[in-house]
Asker: 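Below you will find the structure I want to go over with you.
Given the structure is predicted, the values throughout are model-derived calculations rather than measurements. Order of the sequence lines fixes the chain letters, A, B, ..., with proteins taken first and strands second; residue numbering starts at 1 for each chain.
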Amino acid sequence: MSSIKAPRGTADILPADSWKWQSVESIARQVARLYHFQEIRTPIFEYTELFHRGVGETTDIVSKETFTFTDRGGDSITLRPEGTAGVVRAVIENNLIAQEGSRAKVFYIGPNFRYERPQKGRLRQHWQFGVEAFGIAQPEQDVECILLQLDFYRRCGLKDFVLHINSLGDAESKTRYRDALVRFLTPQKSSLSEDSQRRLTENPLRILDSKDPRDVEACKGAPPAVDSLSDRSRAHFQRVQELLQGAAAFEANANLVRGFDYYTETLWEVTAPGLGAQNAIGGGGRYDNLVETLGGRPTPGVGFGAGIERLLIALDAQQAQLPDPRGPLIWLIAHGPAARQACWDLLRELRSAGIAADIDLSDRSIKAQFKQADRESAKLCLILGDDELKNGQVTVKNLGTGEQSSIPRVELIERMRSMIPDF
RNA sequence: GUGGUCGUAGCUCAGUUGGCAGAGCACAAGGUUGUGGUCCUUGGGGUCGCGGGUUCGAGCCCCGUCGACCACCCCA
């Protein structure tokens, strides 16, 4: 009988690593709280149409990377490939931004699904921490999101990363830029890569992002997006950069474009070394027309998504130390049947008192029990045998220092309570 | 979807022109009948990814397939 494996492009998060996830998620929640973003949880699947209208029919993500199926009732369902569309749908549907002047600042942590060929830093299911801020068109809102994201990375211990920013401007600016780019690139169409020749009509902005040397060469001297910005968009982007001055290092990158159609004005991406070719650990931007596109009252919005797997890879590459959310563990060691019963009682008492404790239940040698305590990274061992039972004592061994002492059984819980915070 | 590299013990990997399935680490027991993290001894562990073919004989050669890794595309 062959064993069943996890589907391609998925990964189990095992005990050896799950504490890192808890740590990152806890930091994400903490940072969100500091910036006053509240959690929203939306379904991991939506009606397919949401992503077609929201993310864009012609984007690669929607046109060829979705997990889409027909449910038993005949509706087309898609596993979400990104977080923003579902959140926008939810805030519209639940009237969070129903009125003139409504604001909402929300964050989410959850999985996204894209049917792609896996490689380093790229899976078919990946997790993102993301935030969305609705109702504020001012550049301060863009910068608040950016600073939140960078704060998140710093608190996770990430040191080496780069913030890239660009602006495509409002819808008119975007069209103007697109036309300018097509005008610039069309004369040299034959020297572009095959992919980019196709993009020239479908999605010319993406050509700027190509890694093909022919495209990189062709894009030299291309008009930057900022040249096509309207006065309002130019001022907005200018103000974003002013607000970032002194708050965060950034690089204005005229070639930065992103894969969703809904972006307007500011967009940004954070890259980090150690990730191979997929070096973006998170990105975001403003989407002032998306709420209206999805049937809501016209409301500006801005937000980002930060990939958790990629962050963990980058942290690993930089040998960053995440705070370990696991508290200290006490290990009980029993010698003899009477002591085993006493340990069982003690174990229940410790846990009732809120102290994490465990014991080997397989009746093994003292040596084996110590060995396991060590392997489980216990801080203290409590040893109970015939001697201790007779004297009403418990032997306490500090596994870090090897020191050992006796504590009266009746005082044990209180003594543990006072010792635990030191670990 | 395209291309390259690779699948042998729980992990990292050796395995010669095709000829008995190996090492280190890890794990278990013992050395020490009450003491881990060092040391010594012993031991248990294998559908050589899966399926087919060639051969007296396949981990090794051939075909197919699945998966992993890396890159393209795209993105977190």
Asker: Counting only heavy atoms and a strict 4.0 angstrom limit, can you tell me which residues of residues 188-195 of chain A come near RNA chain B?
Answerer: D195(A)

Asker: In this structure, which one of E132(A), Q38(A), H36(A), E144(A) forms a side-chain hydrogen bond (donor to acceptor under 3.5 Å, both in side chains) with K105(A)?
Answerer: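 Going through the options one by one, the only one that passes is E144(A).
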
Asker: Which pairs would a plain distance check flag for residues 267-276 of chain A, meaning a side-chain donor or acceptor within less than 3.5 Å of a matching protein atom at least two apart in sequence or in another chain?
Answerer:
residue	atom	partner	partner atom	Å
W268(A)	NE1	Q149(A)	OE1	2.6
E269(A)	OE1	R258(A)	NH1	2.7
T271(A)	OG1	H164(A)	NE2	3.1

Asker: For the C1' atoms, the ones on G37(B) and on A26(B), what distance do you get once it is rounded to whole angstrom?
Answerer: 15 Å

Asker: Counting any heavy atom closer than 4.0 Å, what does S210(A) reach on the DNA or RNA strands: base, sugar-phosphate only, or nothing?
Answerer: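 The residue S210(A) makes sugar-phosphate contact but no base contact.
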
Asker: Name the nucleic acid region contacted by E388(A), choosing base, sugar-phosphate or nothing; use a 4.0 angstrom heavy-atom cut-off, strictly under.
Answerer: base

Asker: Ring-plane angle category for Y287(A) and Y263(A), please: parallel below 30°, perpendicular beyond 60°, tilted otherwise.
Answerer: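 Rings of Y287(A) and Y263(A): tilted, 30 to 60°.
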
Asker: On a whole-Å scale, what distance lies between the P atoms belonging to G31(B) and A23(B)?
Answerer: 25 Å

Asker: Protein-nucleotides 25-32 of chain B N/O pairs closer than 3.5 Å?
Answerer:
residue	atom	partner	partner atom	Å
C27(B)	OP1	R375(A)	NH1	3.1
A28(B)	OP1	R364(A)	NH1	3.1
A28(B)	OP1	R375(A)	NH2	3.3
A28(B)	OP2	R375(A)	NH1	3.4
G31(B)	O6	K367(A)	NZ	2.8

Asker: For a quick check under 3.5 Å, do S196(A) and R199(A) share a side-chain donor-acceptor pair by atom type?
Answerer: yes

Asker: Give the residues of residues 150-159 of chain A touching RNA chain B, defined as any heavy atom closer than 4.0 Å, sorted by residue number.
Answerer: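 Within this stretch, nothing sits under 4.0 Å of the strand.
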
Asker: Between U12(B) and C20(B), how far apart are the two P atoms, rounded to whole Å?
Answerer: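 Per the computed distance, 26 Å lies between those P atoms.
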
Asker: Using modelled atom types only, decide if a donor and an acceptor are shared between the side chain of T175(A) and the backbone of A171(A) within a distance under 3.5 Å.
Answerer: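 At least one qualifying donor-acceptor pair exists.
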
Asker: What contact category does A280(A) fall into here, base, sugar-phosphate, or nothing, at under 4.0 angstrom with non-hydrogen atoms?
Answerer: sugar-phosphate

Asker: Examine the side chains of E57(A) and S63(A) and answer whether a donor and an acceptor come within less than 3.5 Å of each other.
Answerer: no

Asker: With nearest nucleotide decided by heavy atoms, which residue, E309(A) or Q404(A), maps closer to the 5′ end of RNA chain B?
Answerer: Q404(A)

Asker: Closer than 3.5 angstrom, by distance alone: can the side chain of R417(A) be matched with the main-chain N or O of A353(A) as a donor-acceptor pair?
Answerer: yes

Asker: Could you check whether R199(A) gets within reach of a base, just the sugar-phosphate, or nothing at all, counting any heavy atom under 4.0 Å?
Answerer: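 Sugar-phosphate, no base atom in range.
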
Asker: Represent RNA chain B in dot-bracket notation, 5' to 3'. Only Watson-Crick or G-U wobble pairs with both distances under 3.5 Å count; pseudoknot-style crossings use [ ] and interstrand partners use |.
Answerer: (((((((..((((.....[..)))).(((((.......))))).....(((((..]....))))))))))))....

Asker: Check this for me: does any side-chain nitrogen of one of D209(A) and R206(A) sit under 4.0 Å from a carboxylate oxygen of the other?
Answerer: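 Judged by the 4.0 Å cut-off on N to carboxylate O distance, D209(A) and R206(A) do form a salt bridge.
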
Asker: Quick one: which residue pairs count as a side chain to side chain donor-acceptor pair (under 3.5 Å) with a foot in residues 309-334 of chain A, not counting sequence neighbours?
Answerer: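 For residues 309-334 of chain A: D324(A)-R326(A).
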
Asker: Could you check L275(A) against Q278(A) and say which one's nearest nucleotide on RNA chain B is further toward the 5' end?
Answerer: L275(A)

Asker: Taking K189(A)'s backbone N and O only, do any of them form a donor-acceptor pair with Q197(A)'s side chain (distance below 3.5 Å, no angle check)?
Answerer: yes

Asker: If you measure from the P atom in C39(B) to the same atom in A21(B), how many Å do you get, rounded?
Answerer: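 About 32 Å, rounded to a whole number of Å.
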
Asker: What pairs of nitrogen or oxygen atoms, one from the protein and one from nucleotides 66-70 of chain B, lie under 3.5 Å apart?
Answerer:
residue	atom	partner	partner atom	Å
A68(B)	OP1	G9(A)	N	3.1
A68(B)	OP2	R8(A)	NE	2.8
C70(B)	OP2	K120(A)	N	2.4

Asker: Should we say atom OH of Y115(A) is surrounded by more than 12 heavy atoms from elsewhere, each under 6.0 Å from it?
Answerer: no

Asker: Describe the nucleic acid contact of I281(A) in one word from base, sugar-phosphate, nothing, applying a heavy-atom distance below 4.0 Å.
Answerer: sugar-phosphate

Asker: Mind checking salt bridge (Lys or Arg N to Asp or Glu O under 4.0 Å) for E194(A) and listing every partner two or more places apart, or none if nothing turns up?
Answerer: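 Testing E194(A) for salt bridge (Lys or Arg N to Asp or Glu O under 4.0 Å), a comparison that skips the adjacent residues, returns R214(A).
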
Asker: Looking at the base of G37(B), is there any donor atom on it, or on the side chain of D374(A), that sits under 3.5 Å from an acceptor on the other one?
Answerer: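 Per atom types, no contact qualifies.
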
Asker: Excluding sequence neighbours, so at least two apart, what forms salt bridge (Lys or Arg N to Asp or Glu O under 4.0 Å) with D358(A)?
Answerer: R351(A)

Asker: Would you classify E65(A) as touching base, sugar-phosphate or nothing, given that sugar-phosphate means primed atoms plus P, OP1 and OP2, and contacts are heavy atoms under 4.0 Å?
Answerer: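 Sugar-phosphate, no base atom in range.
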
Asker: On the side chain of K397(A), is there an atom forming a donor-acceptor pair with the base of G36(B) - under 3.5 Å, no angle test?
Answerer: yes

Asker: Is a side-chain donor or acceptor of T264(A) paired with a backbone partner of D288(A) at a separation under 3.5 angstrom?
Answerer: yes

Asker: In residues 249-268 of chain A, what residues come within less than 4.0 Å of RNA chain B, judged by heavy atoms?
Answerer: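 Residues of residues 249-268 of chain A that come under 4.0 Å of RNA chain B are, in numerical order, R258(A), G259(A), F260(A).
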
Asker: For D387(A), does its backbone N or O pair with a side-chain atom of N391(A) as donor and acceptor, under 3.5 Å?
Answerer: yes

Asker: Determine all donor-acceptor pairs shorter than 3.5 Å in which one atom belongs to a side chain in residues 40-48 of chain A; sequence neighbours excluded.
Answerer:
residue	atom	partner	partner atom	Å
R41(A)	NE	E39(A)	OE2	3.0
T42(A)	OG1	R80(A)	NH1	3.4
E46(A)	OE1	R89(A)	NH1	2.8
E46(A)	OE2	R89(A)	NH1	2.5
T48(A)	OG1	S76(A)	O	3.1
T48(A)	OG1	S76(A)	OG	2.7
T48(A)	OG1	I77(A)	N	3.3
T48(A)	OG1	T78(A)	OG1	2.7

Asker: Could you give the CZ-to-C1' distance, from R198(A) to U2(B), as a whole number of Å?
Answerer: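 In whole Å, U2(B) C1' lies 13 Å from R198(A) CZ.
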
Asker: Is the CD atom of E49(A) crowded by more than 12 outside heavy atoms at less than 6.0 Å?
Answerer: no

Asker: Measuring only the C1' atom in each nucleotide, how far is G53(B) from C11(B)? A whole number of Å is fine.
Answerer: 34 Å

Asker: Roughly how far apart, to the nearest Å, are G4(B) and G19(B) at atom P?
Answerer: 29 Å

Asker: For the backbone of A90(A) and the side chain of E93(A), can you confirm whether one donor and one acceptor N or O come within less than 3.5 Å of each other?
Answerer: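 Such a contact is absent between E93(A) side chain and A90(A) backbone.
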
Asker: Using a heavy-atom cut-off of under 4.0 Å over every strand shown, decide if K211(A) touches base, sugar-phosphate, or nothing.
Answerer: base

Asker: Is D386(A) touching bases, backbone alone, or none of the nucleic acid, heavy atoms closer than 4.0 Å?
Answerer: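 D386(A): base contact, heavy atoms under 4.0 Å.
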
Asker: Within residues 16-47 of chain A, which residues have any heavy atom lying less than 4.0 Å from an atom of RNA chain B?
Answerer: none

Asker: Quick check: does any side chain N or O of R124(A) sit under 3.5 Å from a backbone N or O of E116(A), one acting as donor and the other as acceptor?
Answerer: yes

Asker: Run the salt-bridge test on D179(A) and R176(A) with the 4.0 Å N-O cut-off and return the result as yes or no.
Answerer: no

Asker: Backbone N or O of W19(A) within a donor-acceptor pair of the S23(A) side chain at under 3.5 Å?
Answerer: no

Asker: On a whole-Å scale, what distance lies between the C1' atoms belonging to G43(B) and A9(B)?
Answerer: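 My reading of the C1' atoms in G43(B) and A9(B) gives 15 Å.
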
Asker: Spell out yes or no: do the side chain of E116(A) and the base of A76(B) have one donor N/O and one acceptor N/O closer than 3.5 Å?
Answerer: yes

Asker: For I308(A), which contact category applies under a 4.0 Å heavy-atom criterion: base, sugar-phosphate, or nothing?
Answerer: nothing

Asker: With no hydrogens and no angle check, is any side-chain donor or acceptor of T266(A) less than 3.5 Å from a backbone partner on R286(A)?
Answerer: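 Checked: no pair found.
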
Asker: Taking only the C1' atom of each, what is the distance from U8(B) to A71(B) in whole angstrom?
Answerer: 27 Å

